[in-house]
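Values in this document were obtained by computation on a predicted structure and should not be read as measured data. In what follows, chains carry the letters A, B, and so on, assigned in the order in which the sequence lines appear, proteins first and then strands, with residues in each chain numbered from 1.
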Amino acid sequence: MKNFNHINVDSFDAASFELAHKKNGKTVLIAGGTDLMNILKEEILPEYPDTVINIKNIPDSEGITVGENGITIGALTKLVDIAESQIIKEKAIGLGEAAKSVASSLVRNAGTIGGNICQDVRCWYYRYPHSSGGRMVCQRKGGSECYAIRGDNRYHSIFGGMKTHRSSCTGECPAGTDIPAYMEQIRKGNTAGAAQIIMEVNPMPALTSRVCAHFCQDGCNRGCQDEDVAIGNVERYVGDYILENSDLYFKAPATSTGKSVAIIGAGPSGLSAAYYLRRAGNDVTIYDTKKEAGGMLMYAIPAYRLPKDIVRKFVSSLKKMGINIITNTTIGKDIQASKIEEKYDSVFYATGAWKRPVIGIAGEELTEFGLDFLIQVNEWMKGKVGSEVLVTGGGNVAMDVAITAKRLGAKKVTMACLECESDMPASREEIARAREEGVIIMPSWGLSKVIEENGVLKGMELKRCTSTRDEKGAFSPQYDHCETQIVNAENILMAVGQQVDLSFLDEKYQVQLNQRGLIDVSEETQMTSREGVFAGGDATTGPATVIKGIANGHKAANGMNKYLGVVEAHIFHNMISEDEGFITFDPEGLKVKTAAKLKEIPADKRSIDKEDAFSLSVEEVLKEASRCMNCGCYAVNASDISPVLIAMDATIITNKKKIKAVDFFTIKLNSVDMLDLDELVKAIFIPDMSSFQTHYEKLRIRRSIDFALVSCASAYKLTDGKINDISIVLGGVAPVPYKLAEVEELLIGKEMTSELVEQCVDVAMKHAMPLEKNTYKLSETRSLVKQLLSEIN
Amino acid sequence: METKFIALTVNGKKYEFLSGSDSIVGIVPWNETLSDTLRQRLDLTGSKEACGEGACGCCTVLVDNRAVSSCMTLTSDCNGKEIITIEGLEDPVTGELDPLQQAFIDYYAFQCGFCTPGIIMAAKGLLIKNPHPTEEEVKDALSGNQCRCISQYHVIDAVMHVSKQISI
């Protein structure tokens, strides 16, 4: 056990003061020490305390006193004294039974009631000793995974788990999509609920599912055992569902805010902002320079990846919401930015990054801009594409350019990029697709000079690129000029990035730019240096992903609503079914090793205008959603005392507040998280239970030092043989004590019969979801509840 | 360096230790367990340490007449406490054994003897509080003391013998 600083305090206020004024590091309290000593000795938690405050010697902190309305128990009262107290035996026997069931007499002689209700979880993965190969950083400790889901879960929850923090898949998504939550809705057969969860952060999942890099899948914890959940493919199903039922999801707002906003640029960021701004009731107008709305989604991403009718369907849904879209209008040319800023209450610039960057190699003027190629692909179809094409660049745009050129009939398409293959920015899938279609990929080659004969393009000389970044990670390509190679080509398509063009901004309406020449915006609201003028998307970030643009547009919409004083009412939450607070997964789904793949058109049949892949069927989607582990904590409540205190409707008294036991124990996964940093439990108040029968029953394998497989705390009152009031709380079966509220409701005012007992047992188990190794707990729980109810008479 | 005194009474003798956070020879570090203080500083090696996590009962001693695991108790938390170990049970003048110790001999209530000091101290804690416990109460009080030699049946006989003998 490592050393620490030790402080004795003589009052709760002094302890609180020490907690509030801790110098650095963690400060913990020691009462009985039976839980803490183990945590310290085994170094279970990543953060070791710097200071231990001994609160054992606080005067009047121990003892049981009877008042007019009930019993008050000091926080430092030892469990042995509660178990043996005559007052407790007479007035609240259930609490005495619970205290007596704790561990062993040696532990009860030292352990206090305050410590018991604040103790840490007993899960064996959580409490794995650091000395035996290192502690296990499970989700509850800030890690990403629950080891019990796939491991030994005999003693774990049968009613689901609880989130401890954002899941890592959600964390990887730039928009923060709550992926496990929508997977759960799909498993419940509620696609509408799943759709609503996505729509809260991304209004165009049908589009993103087809083009997104799916960063979320990098965070999927299934990746380390078999395959990531194919989140994108499930999202695609939900996205298609949303467009098929667009009337439900793209409703015109019920009330108008009377505020008008203009959005410049109808790309991902602009359309996303438009959706959220309109949903809140604003009058929204979008301006775009192109013939059709959609930006890069419409013009840059090839139709074989994103069919244009899907983009059009989404855009027309936005129009149905009442969003006004003005196309063929260039800001700075057809209409001045100043005019727009004067006309609307707020403006959002999301003009993207469409400009060709200049590399500075000889003969560059003979090459073509890859993006233009994609935009004008229809004209290219009229025979412009040559038999040999060189594409430069290693990102997804370069891949789109190369594959499109190949499909347009180029005999040989070569792709050269600076990065080595493992560092190429394009996704693995896209690289594989390009290879499958015969594109020759040449990683680690830089551009030297264009080869020409009398102004006619003949090819490109490449030079070996030895590294792309310096020690600090900054872009700084290094070349070996001795190693060169010539690639013959009739067309050279440059796809080495795009630049932001801000020339449309009026001189007197200039906004502040950052060092990279991008519009400088507030991290929090996307507001530019000028009041009420916002910007987002590639114009503020440089070329980025679609989902980043969407997230950016949503953030700007929130910023603009805030600026305009608009408060959006939540309109859709009724679509999400929340029958119980606990999260669940499907143990059968854990056994499905492979992820659902999209069926694709064979490589030789693919074209540039037909989508390569087909969406999953409902059955495939349900199966894939069942593979999501819904990562959270699936351990059970540790304290034997907590279910009884809830059943007796006790109150926890701290140095700062009084809190109902049910709130203290069930709102958060760790009861101590209900306390401020400088707050500690002083006493527990139990209301007068003299007219109630109270009882605590704990099912365990050993009489001494064992967990509750399941425990049941109860308090009930009979009037004329009928149940007047009843409270039943289970322990050891859920992350927090589990109150059988539906059973209680069923019993009030009734006389107990054997049929009613059976009915109640079924209701009690209605939401059960055992893990692989704890199904036995179902029958144990059933019989414990049955036993309790059968004894009521 | 911050230091403070810890006063203990062990088996009737008074001790005072200087405690602190740093490791200076002779000082009691704040993270030292009562088990280590008793066994290593005071050479009272009767109580044993086996599991080190409060589950086996071998290190049981009385703190203010209550049986607790000394391996799970910080010495720095024990300022002003009275501690009794197995060594403190016999009469210091005559050397006569405590009736409980004698009963363990008479009933062959141990084999290897490693857990015995802890079991006797746990039983002593019970008898101080409740001189005439029932068999059920004895079993409950000793439920935190493990014996790998399976002497429990004789232990219960020995403690029950004392339960019936003592009169206060």
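Here the side chains of B:K139 and A:R703 are not in contact, with every heavy-atom distance at 4.5 Å or above. Within the 4.5 Å cutoff, the side chain of B:K4 has heavy atoms near those of the A:H6 side chain. Side-chain contact between B:E53 and A:M37 is absent, with no heavy atoms from C-beta onward closer than 4.5 Å.
Put simply, of A:V52, A:I30, A:L36, the one with the most heavy-atom pairs under 4.5 Å next to chain B is A:I30. No other option in A:N5, A:I705, A:T34 has as many heavy-atom pairs under 4.5 Å with chain B as A:N5.
To the nearest 0.5 Å, atom CH2 of residue B:W30 and atom CG of residue A:N3 are 8.0 Å apart. Atom CG of B:N79 sits about 7.5 Å away from atom CG of A:N57, to the nearest 0.5 Å.
In terms of the ring-ring contact (aromatic ring centres under 6.0 Å, His included) criterion, residue partners of A:F17 (sequence neighbours excluded) are, by chain and number, A:H21.
The closest donor-acceptor contact from the side chain of B:N31 to the backbone of A:M1 lies under 3.5 Å. With A:K41 contributing its side chain and B:G52 its backbone, the two residues share a donor-acceptor pair below 3.5 Å.
More than 12 heavy atoms of other shown residues, nucleotides or ligands fall within 6.0 angstrom of atom CD in A:Q787. By the neighbour-count criterion of 12 heavy atoms within 6.0 Å, atom NE2 of A:H695 is densely surrounded, having more than that number from other residues, nucleotides or ligands.
Of residues 70-78 of chain B, those residues lying under 4.5 Å from chain A by any heavy-atom pair are B:C71, B:M72, B:T73, B:L74, B:S76, B:D77. Within residues 111-129 of chain A, no residue approaches chain B closer than 4.5 Å by heavy atoms. For residues 91-109 of chain A, heavy-atom neighbours of chain B at less than 4.5 Å comprise A:K100, A:S104, A:S105, A:L106, A:V107, A:R108, A:N109, sorted by residue number.
For A:I7, the part lying near chain B is the backbone, with the side chain staying farther off; criterion is any non-hydrogen pair under 4.5 Å.
Between B:S143 and A:S704, the shortest heavy-atom contact is O-OG, 2.7 Å.
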